[in-house]
Amino acid sequence: MAILVTGGCGYIGSHTAAVLTEAGREVVIVDSLVNSKALVVNRIEALTGRRPAFYKADVRNEQALAEVFETHPIEGVIHFAGLKAVGESVAQPLAYYSANIEGAAALLRVMQRQGVRRLVFSSSATVYGDTDIIPYTEDLPLQPMNPYGRTKAAVEWMLTDLYHSQPGWSISILRYFNPVGAHPSGLIGEDPAGIPNNLMPYITQVAVGRRPELGVFGGDYPTPDGSCVRDYIHVMDLAEGHLAALGLIEGSHGLFVHNLGSGRGVSVLEMVKAFSEATGQAVPYSIKPRRAGDLPAYWADASKALRDMNWRTHRSLADICRDAYEFQRQNPKGYVETT
Ligand code: NAD
Ligand code: UFG
């Protein structure tokens, strides 16, 4: 039996595909490569000694998806495929509604027809939006503040309605906090196109000399050092969370919602300091104006994941920094087609 990993060439999907393969699972990847490269499949093979099956296809292409289900004995799906840049979602909402909502609907229709009813879905802490209640618990109302977040909330509602409409579905919704770091081998990691939007890839690109300095967006937030506080989670801990979630939906029927985070808030300036200490690389930075839409501080209450599926993070901030740097050091220009 196999697990279909949509978006499996991407950042979180590739690490999850590697963890699943290491755990003895058969992995089948479907990815349109809109934000990733096919050579990631070679890297997963190099890491694990087993090559996942790979199909270049858009999840909105129901015909192509159906062929994958007819070729492999798929018993469950982890759905990563989608678009994820908040700023881009404000500029191009229709592209986000199509990729994220139509993509999920197409996948669910095919699963329904094929009789496969186990799904793990990549949601995001961004669905909580602005709230004074910190840390975030899963029972907070969803009030997303941007189109990207609204597509994630919409898919969560779609999954909830589907679950209640028909017996047999078993669904895990995972709300990730800030995924960072890389596989400790340095073979797979985060490889954003263009100028990184996110903090950690920006830091690693500064560390290898691709960019002169980090801009810290805001130094006057009501936080201990004035910079924003987030809950950073090592991508390998996150990948292991998917294995735990699969175990949960395989062991029982239900609709489960879990935060995946460390439960600890870390500021931008603390991250810069931790990175320099862990890697020995200086990260020049200057304080810039606040970035529109950023919340001052939030982190996860991750106790439900510990209770329900015995999952928690194990890796430290130093592990995160060292592993992120190792990927960037080995791949200074990201994934390059000849490697
Ligand atoms: P990513 O862009 O690296 O991976 C997404 C993958 O999906 C890419 O390989 C891309 O080519 C593929 N894809 C996109 N649209 C597709 C489509 N229509 N059909 C087939 N393939 C498609 O992103 P990631 O960071 O690995 O994120 C994975 C998932 O986790 C996304 O759903 C994202 O919204 C969610 N998430 C990410 C973060 C984060 O900070 N990275 C936080 C919370 C949630
Ligand atoms: N930051 C900088 N400089 C940079 C980049 C980021 O100071 O060059 C700061 C941001 O202002 C923020 C923090 O670093 O305070 C983290 O920013 P990221 O862009 O790395 O992450 P966000 O917390 O903004 O958002 C991330 C994902 C979203 C997801 C959200 C969920 O990018 O997709 O986490 O919590 F929805």
Side-chain angles (χ1 to χ4, degrees), residues 5-16 29-38 40 55-61 64-65 78-87 89 95-96 98-100 102-104 106-107 121-129 136 144-146 148-149 151-152 155 174-180 189-193 195-203 205-206 211 213-219 221 223 227-233 235 238-239 242 259-261 266-269 271-272 285-300:
V5 178
T6 74
C9 292
Y11 173 43
I12 306 167
S14 59
H15 290 78
T16 303
I29 293 175
V30 168
D31 197 304
S32 67
L33 303 180
V34 66
N35 195 36
S36 56
K37 303 223 172 76
V40 169
Y55 297 88
K56 180 176 184 298
D58 194 297
V59 289
R60 288 163 290 189
N61 181 342
L65 272 187
I78 307 184
H79 182 44
F80 293 102
L83 302 178
K84 64 163 182 176
V86 172
S89 80
Y96 274 68
S98 174
N100 295 358
E102 286 176 26
L107 172 66
F121 173 63
S122 298
S123 190
S124 167
T126 201
V127 296
Y128 295 116
Y136 292 172
M145 302 189 308
N146 53 63
Y148 166 68
T151 66
K152 289 291 174 192
V155 175
L174 299 177
R175 295 180 182 151
Y176 316 153
F177 282 68
N178 286 51
V180 285
E190 187 170 14
D191 179 25
I195 301 172
N197 291 313
N198 299 117
L199 179 64
M200 187 50 96
Y202 208 106
I203 289 178
Q205 291 193 10
V206 171
R211 307 199 181 272
E213 67 162 21
L214 172 74
V216 174
F217 299 142
Y221 282 101
T223 59
S227 66
C228 286
V229 169
R230 294 287 181 275
D231 183 336
Y232 296 94
I233 169 171
V235 68
L238 185 57
H242 291 76
N259 288 337
L260 294 185
V266 171
S267 76
V268 176
L269 292 174
M271 184 61 99
V272 169
Y285 69 87
S286 61
I287 306 287
K288 301 281 190 215
R290 293 180 178 194
R291 182 172 70 177
D294 275 344
L295 294 170
Y298 61 86
W299 55 91

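For ligands, and for the atoms within them, numbers begin at 1 and follow the listed sequence.
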Q | Nearest neighbour in protein (non-hydrogen) for atom 3 (O) of ligand 1 | A | Y11 N, 2.8 Å
Q: Using the test side chain to side chain donor-acceptor pair (under 3.5 Å), find all partners of T126 that sit at least two apart in sequence or belong to another chain.
A: none
Q. Looking at atom 28 (C) of ligand 1, what's its closest protein heavy atom, distance included?
A. F80 O, 3.7 Å
(Q) Going by side chain to side chain donor-acceptor pair (under 3.5 Å), name the residues that satisfy it together with D191, two or more places apart in sequence or in a different chain. (A) none
Q | Contact summary for D31 and G8, nearest pair of heavy atoms | A | OD2-N, 3.5 Å
(Q) Tell me every residue that passes side chain to side chain donor-acceptor pair (under 3.5 Å) with Y285, counting only those two or more places apart in sequence or in another chain. (A) none
(Q) So if I count the atoms of ligand 1 from 1 in the order they appear, which ones are less than 4.0 Å from some heavy atom of V34? (A) 10 (C), 11 (O), 13 (N), 14 (C), 15 (N)
Q) Roughly how far apart are F217 CZ and R290 CZ, rounded to 0.5 Å? A) 13.5 Å
**Q.** atom 19 (N) of ligand 1: nearest protein contact (heavy atom, Å)
**A.** V59 N, 3.0 Å
Q: Side-chain contact test, heavy atoms from C-beta onward, threshold under 4.5 Å: evaluate it for F177 versus L260 and give yes or no.
A: no
**Q.** Distance in Å, Y96 OH paired with S89 OG, rounded so as to fall on 0.5 Å steps
**A.** 6.0 Å
(Q) Tell me the contacting part of K152 for ligand 1: side chain, backbone, both, or neither, using a 4.0 Å heavy-atom threshold, strictly below. (A) side chain
Q: Starting at CG of N100, measure out to NE2 of H79 and round the result to the nearest 0.5 Å.
A: 7.5 Å
Q) For I12 and ligand 1, does the shortest N/O to N/O distance drop below 3.5 Å? A) yes
**Q.** Proximity to ligand 1 by part of L33, non-hydrogen separation under 4.0 Å
**A.** backbone
Q) Which of the numbered atoms in ligand 1 are below 4.0 angstrom from a heavy atom of S123? A) 43 (C), 44 (C)
Q) With a cut-off of 4.0 Å, which atoms of ligand 1 are near a heavy atom of S36? A) 8 (C), 9 (O), 11 (O)
Q | Verdict with reasoning, H242 to F80, per ring-ring contact (aromatic ring centres under 6.0 Å, His included) | A | CA-CA 11 Å; H242 291 76; F80 293 102; 5.0 Å; yes
Q) Hey, mind stepping through Y298 and Y136 against ring-ring contact (aromatic ring centres under 6.0 Å, His included) and telling me if it holds? A) CA-CA 7 Å; Y298 61 86; Y136 292 172; 5.0 Å; yes
Q) Counting heavy atoms only, which of C9, S32, G10, S124 comes nearest to atom 17 (C) of ligand 1? A) S32
Q | Nearest neighbour of atom 7 (O) of ligand 1 from the list P179, G149, G7, on a heavy-atom basis | A | G7
Q | N/O separation below 3.5 Å, K84 to ligand 1 | A | yes
Q | Note, V127 side chain near R175 side chain (heavy atom, < 4.5 Å) | A | yes
**Q.** Closest to atom 18 (N) of ligand 1 among N100, T151, T126, D58 (heavy-atom distance)
**A.** D58
Q) Say you draw a straight line from CE of M200 to CD of Q205; how long is it, rounded to the nearest 0.5 Å? A) 12.5 Å
Q | Given V235, D231, L238, the one that forms side-chain contact (heavy atoms from CB on, under 4.5 Å) with Y176 | A | L238
Q) Protein residues near ligand 2, heavy-atom distance below 4.0 Å? A) K84, S124, A125, T126, Y148, N178, N197, N198, L199, Y202, L214, G215, V216, F217, C228, R230, Y232, V268, R291, D294, Y298
Q.
For the 3.5 Å polar cut-off, considering only N or O atoms, please tell me whether N35 and ligand 1 meet it.
A. yes
Q: For ligand 1, find out whether one of its N or O atoms is nearer than 3.5 Å to an N or O atom of F177.
A: no
Q. In Å, rounded to the nearest 0.5 Å, how long is the span from CE of M271 to CG of N178?
A. 8.5 Å
Q. What protein heavy atom sits nearest atom 33 (C) of ligand 1, and how far away is it?
A. Y148 OH, 3.6 Å
Q: Run the numbers for me: atoms of ligand 1, each under 4.0 Å from some heavy atom of S122, listed by number.
A: 29 (C), 30 (O), 32 (O), 35 (C)
Q: Considering the heavy atoms of Y176, write down every atom of ligand 1 situated less than 4.0 Å from one of them.
A: 30 (O), 35 (C), 36 (N), 43 (C), 44 (C)
Q. Of the options N198, L199, V206, which is the one that meets Y202 in a side-chain contact (heavy atoms from CB on, under 4.5 Å)?
A. V206
Q) Does D31, backbone or side chain, put an N or O under 3.5 Å from an N or O of ligand 1? A) yes
Q: Nearest 0.5 Å please: distance from the CG atom of L83 over to the OG atom of S98.
A: 8.5 Å
Q. So, is H79 polar-close to ligand 1, with some N/O to N/O distance under 3.5 Å?
A. no
Q: Write down the atom of I287, the atom of G219, and the distance for their closest heavy-atom approach.
A: CG2-N, 3.5 Å
Q.
At less than 4.0 angstrom from any non-hydrogen atom of G82, what atoms of ligand 1 do you find?
A. 5 (C), 7 (O), 13 (N), 14 (C), 15 (N)
Q.
Just to be sure I read this right, does ligand 1 sit under 4.0 Å from the backbone of E190, its side chain, both, or neither, counting only heavy atoms?
A. neither
Q. Where on A125 is there a heavy atom closer than 4.0 Å to ligand 1, on the side chain, on the backbone, on both, or on neither?
A. neither
